[in-house]
Amino acid sequence: MSDCTQFPAWKKLKEHKKDMARIQMRFLFAEDPKRFKRFSLEAVGILLDFSKNRITGTTLKLLIHLARDSDLPTAIEAMFSGERINRTEGRAVLHTALRNRSAKPVYVDSVDVMPQVNEVLDRMRVFTEAVRSGKWRGYSGKRITDIVNIGIGGSDLGPVMVTQALTPYWQAGLHAHFVSNVDPSQIMETLAKVNPETTLFIVASKTFTTPETLLNAQVARRWLVDKLGDEAAVARHFVAISTNTRKVQEFGIDAVNMFEFWDWVGGRYSIWSAVGLSVALMVGMDHFETMLTGGFAMDEHFRSAPLEKNMPVIMALLGVWHNDFWNADSHAIFPYDQYLARFPAYLQQLDMESNGKSVTFSGKAVHCQTGPIIWGEPGCNGQHAFFQLVHQGTRLVPADFLVAAESQHPVEHQHEVLLANCFAQSKALMRGKTRDEARVELIRAGITGARLDTLLPHKVFPGNRPSNTLLYRKLDPYTLGALIALYEHKVFVQGVLWDINSFDQWGVELGKQLAGAIESGLIDEDKVTEHDSSTNGLMNACKRLRQS
Ligand code: G6Q
């Protein structure tokens, strides 16, 4: 592992960027009718068109060299084979074992983890089938109609995103709710919507020490016992997902109602584990396992495809190209797929918590930019909101467009309208509109003279703005699994190139530590003086406002 900026390929890319700065993508397309063919690839039912990036064959070659310089193939194998690559936490990184659909063993410290993985999957199947069939009943004998997942971060974003993405596969009569925020409004609003006799609470927490989750779970537990009048009701209405049996029992959930996962599964990589229980309840275990199969297929592709034909690798390298050589601060995710409305938020955690690091494995400061700011919203909505900046603003915003060829709800030609908008946006970003083109348009619209001169600069689009398009047949469980795994591996590859640990998250600790001291100062009546003046001021103003 070493400083990537010292790799020969990095230096060559720096030089090459100077040449590329003079080149417009629209000319690259005009010169080469085969550009799409050269710069697109298909894997696991997903077509990646990366032709609308500021690249030539030389760029791609140099980027592949960069991957080789960083010894990427060795790093990939180290992850899959269970080495403790999360070195700051001393853990293996094996979310891929959770979706290992082969008969091959996966070892952590010489122990094959597959029997325990499969055992939990079996338990999830028995439980979800019992709930879905009505065999599992609430305390008063009624069928479960509502599932409330209580968890935060990795124990929430995956379940929310996947449950929403797979809405067409939900069982009729079952409803899902998600409570993550410690803001009491969320749990209280949720409890107001559900019936205690027919509600199942899933408390999802890897550590089972997360205050937000435990506070919400306690509120839910008290509410349930209060409404049903018996502590014994908890056993029919609460299950836990955790790595921490002792804490689950201390909370008052019987270990028989606990679904286990392991420390080698990072929170933001845990949707493949029992953390996906809410998904499995809503869509059934068959669909959940199909999602695992899609993820596994992407793993196989990632592990075996040559670097230049490897989808996660190509996406990662393009990201590095924009991020480190073109100074793009952010990367936008535009799903032209309403079912993927929470995908940008999900990727925000996956990418920013994984690669928002500024020291290398050896503890030295990095010499390059690391993870970009991830953001986005579904199209077409974004077009009517912030796309202005993406087209004509001063910043470079590389983007991923995601779209299904086929709608889950064919209605007249409405899906074609969605597709047309998606393809038109990436085309517009790539081509832009020159001064001459804009002038011709204005003249055709009858605008001439001083008015034309005034309007002209505003009608020009610089173009040459990079994007990838990911096209798949339909957003089914298999494709969704493949998409999630694709982005997981993209993030991993970038972490390898930057020589950072993509699997820890120390940056979330400081705020947590400070919150404890602030919380106690807010509860008592006394004037606060022990913090900085801003924190004191805010805390005291809060007390004053409450009394007014
Ligand atoms: C994810 C992070 C973080 C974590 C939450 C919830 O990778 O570690 O988002 O998922 O802080 O933690 P628990 O699942 O332990 O409650």
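Just follow the structure's listing: the first ligand is 1, and inside any ligand the first atom is 1. Note: hydrogens, waters and symmetry copies are ignored here, and every other heavy atom, side chains too, is used.
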Passing candidate, side chain to side chain contact (heavy atoms under 4.5 Å, CB included) with P196, options D146, L224, V225, L191: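 Exactly one candidate clears the test, L224.
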Of the protein's non-hydrogen atoms, which lies at the shortest distance from [atom], and what is that distance?
atom                    : answer
atom 9 (O) of ligand 1  : Q349 NE2, 2.6 Å
atom 2 (C) of ligand 1  : E353 OE1, 3.1 Å
atom 6 (C) of ligand 1  : I152 O, 3.2 Å
atom 12 (O) of ligand 1 : T210 OG1, 3.5 Å

Distance flag, aromatic centroids of Y269 and W264, threshold under 6.0 Å: no
Pair D337-V403, side-chain contact (heavy atoms from CB on, under 4.5 Å): steps then yes or no: CA-CA 6 Å; D337 194 324; V403 70; 5.9 Å; no
Any N or O of G154 closer than 3.5 Å to N or O of ligand 1: yes
Close N or O approach (S155, ligand 1; < 3.5 Å):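 Yes: some nitrogen or oxygen of S155 is under 3.5 Å from one in ligand 1.
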Check: T199 main-chain N/O paired with H237 side-chain donor or acceptor under 3.5 Å: yes
K357 and D504 ion-paired at < 4.0 Å: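 Yes, K357 and D504 are salt-bridged.
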F201 six-ring face occupied by R221 cation (under 6.0 Å, within 45°): no
Within-cutoff protein neighbour (heavy atom, under 4.0 Å) for atom 14 (O) of ligand 1: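 Yes, there is one.
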Part of Q505 with heavy atoms under 4.0 Å of ligand 1, whether side chain, backbone, both or neither: side chain
Steps toward side-chain contact (heavy atoms from CB on, under 4.5 Å) verdict (L347, H331): CA-CA 11 Å; L347 293 185; H331 189 103; over 6 Å; no
Sub-4.0 Å heavy-atom approach of E212 to ligand 1: no
Options R268, K247, K206, ranked by nearest heavy atom to atom 7 (O) of ligand 1, top entry: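 It is R268 whose heavy atom sits nearest to atom 7 (O) of ligand 1.
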